[in-house]
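Below: one structure, written as C-alpha cells.
Order of appearance sets the numbers: ligands from 1, and atoms from 1 within every ligand. In what follows, residues are counted from 1 in the order of the sequence shown.
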Amino acid sequence: MTSPIYVAIDTPDLARARIIAAAVRRHAGGLKLGLEFFCHNGRSGVLEMAELGLPIFLDLKLHDIPNTVAKAIQALAPIAPAVLTVHASGGRAMLEDAKAAAPAGTKVVAVTMLTSLDDRDLDATGINGKAHDQVERLALLSREAGLDGIVCSGNEVAAARNGWKDGFFVVPGIRPANGELADQKRVMTPREAMDSGASILVIGRPVTQAADPDAALKAIAATL
Ligand code: C5P
C-alpha cells in the first residue's frame with residue numbers, strides 16, 4: 001500500500017533536500033516542497049526533486065487576487081504537481097480561479113488555518129470564535145468553490161470530513177507521541193490523524209531532523 005505520509009523537505013539547500021528525499025523515498029508517499037525550498041530553487045529545483053519518482057506536493061500557500069493566483073498557477077504548469085496549496089481565506093473567486101488554472105491531474109487544496117495558530121492568534125487577527133468553526137466555514141467555502149480538499153489540523157479533520165465525504169484532507173502538525181512541538185500548536189499523533197479521516201499526513205521535522213530520517217519515517221509508518 002502507498003504510504004499516506006508526505007515528507008516536508010523544508011530546506012533551501014537543494015543538495016541536502018536530495019539527500020533527505022533519497023533516504024526516505026522507499027517509505028514516503030510523496031515529497032512536500034514549500035516556500036523555503038521554492039524561493040531558493042524555483043521550478044527547476046522542483047523538477048529535479050521530481051526525478052526521484054515520488055509525487056510532488058507543492059506547498060506555496062498562494063493568497064492574492066484571483067487573477068494573480070491564476071497566473072501564478074499557470075506559470076507552474078510545467079511542474080504539474082500532484083498537490084498544490086492556496087489559502088482558503090483568499091475567497092471564493094480566488095479559489096475557483098485557482099482550480100480552473102491548475103492542470104487536470106493536480107489536486108488544489110486550501111489551507112484553512114495554519115496549525116501554528118490557536119484561538120488566541122485567530123482573535124488577534126480580528127476573527128472571533130474558535131479555530132474549529134473557522135476551519136468548518138473555510139472547508140465549506142472550499143468545497144463550494146470546487147476545490148479537491150483542504151489542509152487542516154487533526155483536531156478538525158473529523159468534522160470537516162463529515163461534511164465532505166470525498167474530500168482530500170491534508171493534515172500537518174503531526175507529532176509522534178512525546179515528539180517536540182516546536183512552533184506547532186494544534187498537533188496530533190499520526191495514528192489519531194488517520195483515524196480521524198486524514199487522506200494524507202504531512203510530516204517534516206520529526207523525520208528530517210532525525211539522525212536517521214528513513215528509520216524515523218519507518219517507525220512512524222509502523223504506528224499507522
Ligand atoms: O516540521 P513540521 O512537521 O512541523 O512541518 C509541517 C509542514 O507542514 C511545514 O512544511 C509547514 O509549512 C506545513 N504546514 C503547516 N500547517 C499548515 C499547512 C502546512 O504546518 N496549516
Requested in this report: Tell me, please, which residues at least two apart from S142 pass side-chain hydrogen bond (donor to acceptor under 3.5 Å, both in side chains).
Outcome: none
Report task. May I ask you to say whether D195 pairs ionically with R191, meaning some side-chain N is under 4.0 Å from a carboxylate O? Result -> yes
Query raised in the report: Which pairs count as salt bridge (Lys or Arg N to Asp or Glu O under 4.0 Å) when at least one residue sits in residues 116-126, sequence neighbours excluded?
Result: D119-K130, D121-K185
Check each N or O atom of ligand 1 against all protein N or O atoms and list the pairs under 3.5 Å, with atom names and distances to 0.1 Å, one per line.
unit_1: ligand 1; atom_1: 1 (O); unit_2: R205; atom_2: N; d: 2.7
unit_1: ligand 1; atom_1: 1 (O); unit_2: R205; atom_2: NE; d: 2.7
unit_1: ligand 1; atom_1: 3 (O); unit_2: R175; atom_2: NH1; d: 3.0
unit_1: ligand 1; atom_1: 3 (O); unit_2: G204; atom_2: N; d: 2.8
unit_1: ligand 1; atom_1: 4 (O); unit_2: R175; atom_2: NH1; d: 3.4
unit_1: ligand 1; atom_1: 4 (O); unit_2: R175; atom_2: NH2; d: 2.7
unit_1: ligand 1; atom_1: 4 (O); unit_2: Q184; atom_2: NE2; d: 3.0
unit_1: ligand 1; atom_1: 4 (O); unit_2: R205; atom_2: NH2; d: 2.8
unit_1: ligand 1; atom_1: 10 (O); unit_2: D10; atom_2: OD1; d: 3.4
unit_1: ligand 1; atom_1: 10 (O); unit_2: D10; atom_2: OD2; d: 2.6
unit_1: ligand 1; atom_1: 10 (O); unit_2: K32; atom_2: NZ; d: 2.7
unit_1: ligand 1; atom_1: 12 (O); unit_2: K61; atom_2: NZ; d: 3.3
unit_1: ligand 1; atom_1: 16 (N); unit_2: T115; atom_2: OG1; d: 2.9
unit_1: ligand 1; atom_1: 20 (O); unit_2: T115; atom_2: OG1; d: 3.2
unit_1: ligand 1; atom_1: 20 (O); unit_2: Q184; atom_2: NE2; d: 2.9
unit_1: ligand 1; atom_1: 21 (N); unit_2: T115; atom_2: N; d: 3.3

Query raised in the report: Do you see a donor-acceptor pair shorter than 3.5 Å between the side chains of N155 and H132?
Result: no
Query raised in the report: Restricting to pairs with a member in residues 158-183, which pass salt bridge (Lys or Arg N to Asp or Glu O under 4.0 Å), not counting sequence neighbours?
Result: D183-R205
Requested in this report: Over 60° means perpendicular and under 30° means parallel, so classify the ring planes of F57 and Y6, tilted if in between.
Outcome: perpendicular
